[in-house]
Amino acid sequence: MELDTSRLSDLQYRFFEVVSQYHPRLLGVWDWQNRSVDVATFEKAVKAMSNGEQIFARFLLSLWFGEDNNTKFSFMDAANILDNSKRQFIAEWLIDPWWP
C-alpha cells in the first residue's frame, strides 16, 4: 500500500521517515494526506506493543504534538528501558530538536 505523503512539509516527511524506520506498524495511525493522527487508534495499537515499543511510540506522539502532557511519555522510562538506538535518537533530538 502506497501512502500519500505529497502534502507533507519537509519536517513532517522527516517524521514520516522516522516512523517508517522505527515503528512501521504505526504508519496507518497517521493520516498523512490530512497531516493528522487518530489518537484512539494510536492507543489501541500501543496496547499490542512491548513496553519499550510503547515508550518510543509515545515519544513519537509527543514529537508530533509538540508536547508531552497528554501522551504519557516519560524520559525516565525511556532512559531506563529503550535500547541504545532509540535512546541515541532521542539524545540527538534533544541536542537539535525539531517538530513536524
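Computed from a predicted model, the values in this text were never measured in an experiment. Note: hydrogens, waters and symmetry copies are ignored here, and every other heavy atom, side chains too, is used.
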Can Gln21 and Glu17 be said to form a side chain to side chain donor-acceptor pair (under 3.5 Å), step by step?
CA-CA 6 Å; Gln21 178 182 351; Glu17 289 180 322; over 6 Å; no

Set out, in order, the CA-CA distance, both residues' side-chain angles and the distance that settles side chain to side chain contact (heavy atoms under 4.5 Å, CB included) for Asn70 and Phe65, then state yes or no.
CA-CA 9 Å; Asn70 298 313; Phe65 285 127; over 6 Å; no

Run the side-chain donor-acceptor check on residues 43-60: report pairs under 3.5 Å with partners two or more places apart or on a different chain.
from, atom 1, to, atom 2, distance (Å)
Glu43, OE1, Arg58, NH2, 2.9
Glu43, OE2, Arg58, NH1, 3.0
Ser50, OG, Glu53, N, 3.2
Ser50, OG, Glu53, OE1, 3.3
Glu53, OE1, Arg25, NH2, 3.1
Glu53, OE1, Ser50, N, 2.8
Glu53, OE2, Arg25, NH2, 2.9
Gln54, NE2, Val46, O, 3.3
Gln54, NE2, Met49, O, 3.0
Arg58, NH1, Thr71, O, 3.2

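Both Tyr22 and Trp98 are assigned to one and the same hydrophobic cluster, defined by single-linkage of ILVMFWY side chains at heavy-atom distances under 4.5 Å. Hydrophobic clustering (side-chain heavy atoms under 4.5 Å, transitive across Ile, Leu, Val, Met, Phe, Trp, Tyr) keeps Leu11 apart from Ile95.
Nearest heavy-atom pair, Ser36 versus Trp64, reported as atom, atom and distance to 0.1 Å: N-CZ2, 3.9 Å. Between Phe73 and Ser62, the shortest heavy-atom distance links the atoms CB-OG, 3.5 Å. Trp99 and Gly66 get closest at one heavy-atom pair: CD1-CA, 3.3 Å.
Using modelled atom types, no side-chain atom of Thr5 and backbone atom of Leu8 make a donor-acceptor pair closer than 3.5 Å. Arg35 places a side-chain N or O within 3.5 Å of a backbone atom of Arg7 that can act as its donor or acceptor partner.
Enclosure of atom CG in Asp10 is not indicated, since only 12 or fewer non-hydrogen atoms of other residues, nucleotides or ligands lie within 6.0 angstrom.
Test Arg87, Gln88, Lys86 against Asn84 for side-chain hydrogen bond (donor to acceptor under 3.5 Å, both in side chains) and you get one pass: Arg87.
Atom OG of residue Ser9 and atom CZ of residue Arg14 lie 11.0 Å apart, to the nearest 0.5 angstrom.
Between Trp32 and Trp30, the angle of the ring planes stays under 30°, which puts this pair in the parallel group of the 30/60° scheme.
Under the side chain to side chain donor-acceptor pair (under 3.5 Å) criterion, Asn80 pairs with no residue, sequence neighbours left out.
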